[in-house]
Amino acid sequence: MTFSLRVYGVVKRIPQGKTLSYKEVARRAGSPRAHRAVGSILSKNFNNTVPCHRVIRSDGRLGGYNRGVSKKKYILKKEGFLK
DNA sequence: CATTTGACGCCAA
DNA sequence: TTTGGCGCCAAAT
């Protein structure tokens, strides 16, 4: 089991309408200080079964998205997290 | 093995 | 509030 696989596992469990920070994901994945790595891992994720758009920064800002931040906003809006 | 590269986080100024 | 700097970690180089 690699760290990246556990990250995907954690992200897959995030319910619609909710979000987790990169830090939280790292913590739940077993490496509380690997938050930065979580970002680089998700940036390379193109698996649609992984709702990586539900992972945002701990300061409340959205962070990045490999299909464009505007897409991320759009989806989060549609899911009701963002107005 | 040593470096570099990021969808980050935190703090001091 | 914004910026700069540093710490952190997996992957790629």
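Naming convention: chains lettered A, B, ... in sequence-line order (proteins, then strands); numbering from 1 in each chain.
As a whole-Å value, the separation of A:Leu20 CG from B:dA7 C1' is 15 Å. Atom pair A:Asp59:CG and C:dT1:P shows a separation of 11 Å (rounding to whole Å applied). Between the CZ atom of A:Arg61 and the P atom of B:dG9 there is a distance of 10 Å, given to the nearest Å. One can place OH of A:Tyr8 at 14 Å from P of B:dA7, the figure rounded to the nearest angstrom. In this structure, A:Arg27 atom CZ and B:dC8 atom C1' are separated by 16 Å, rounded to whole Å. To the nearest angstrom, P of C:dA10 lies 15 Å from CE of A:Met1. Between the P atom of C:dC9 and the CZ atom of A:Arg33 lies a distance of 5 Å, rounded to the nearest Å. The interatomic distance linking A:Asn45 (CG) with C:dA10 (P) rounds to 18 Å, in whole Å.
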Working for salt bridge (Lys or Arg N to Asp or Glu O under 4.0 Å), residues A:Glu79 and A:Arg54 | CA-CA 10 Å; A:Glu79 297 191 338; A:Arg54 297 183 187 146; 2.7 Å; yes
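For B:dG6, the paired base is C:dC9 (Watson-Crick or G-U wobble, both distances below 3.5 Å).
Separating the CD atom in A:Glu24 from the CD1 atom in A:Ile56 is a distance of 11.0 Å, to the nearest 0.5 Å. Put simply, OG on A:Ser21 and NE2 on A:His35 are 9.5 Å apart, with the number rounded to the nearest 0.5 Å. The structure places OH of A:Tyr65 at 10.5 Å from CG of A:Leu42, a figure rounded to the nearest 0.5 Å. Rounding to the nearest 0.5 Å gives a distance of 10.0 Å between CZ of A:Arg57 and CG of A:Leu62. Note that OG1 of A:Thr19 and NE2 of A:His53 are 10.0 Å apart. Values are rounded to the nearest 0.5 Å.
For the pair A:Ser31 and C:dC8, the criterion of a side-chain N or O lying under 4.0 Å from OP1 or OP2 is not met. Side-chain N/O atoms of A:Lys23 include one lying less than 4.0 angstrom from OP1 or OP2 on B:dC10. Under 4.0 angstrom from either OP1 or OP2 of B:dC10 there lies at least one side-chain N or O belonging to A:Ser58. Close to B:dG9, at under 4.0 Å from its OP1 or OP2, lies no side-chain N or O of A:Arg36.
Mapped onto DNA chain C by nearest heavy atom, A:Ser40 and A:His35 fall at different nucleotides, with A:His35 at the one closer to the 5' end.
Distances from the side chain of A:Lys72 to the nucleotides C:dC9, B:dA7, C:dG7 place B:dA7 closest. Side chain of A:Ala34, nearest nucleotide from C:dC9, B:dA7, C:dA11: C:dC9. If you check C:dC9, B:dA7, C:dA11 against the side chain of A:Ser43, the one that comes closest is B:dA7. The side chain of A:Tyr65 lies closest to B:dA7, out of C:dA11, B:dA7, C:dC9. Set against B:dA7, C:dC9, B:dG9, the side chain of A:Leu42 has B:dA7 as its closest nucleotide.
Counting non-hydrogen atoms under 4.0 angstrom, A:Asn66 reaches a base of the nucleic acid. When heavy atoms are screened at a 4.0 angstrom cut-off, A:Thr2 is found touching no nucleic acid atom at all. When heavy atoms are screened at a 4.0 angstrom cut-off, A:Phe3 is found touching the sugar-phosphate backbone but no base atom.
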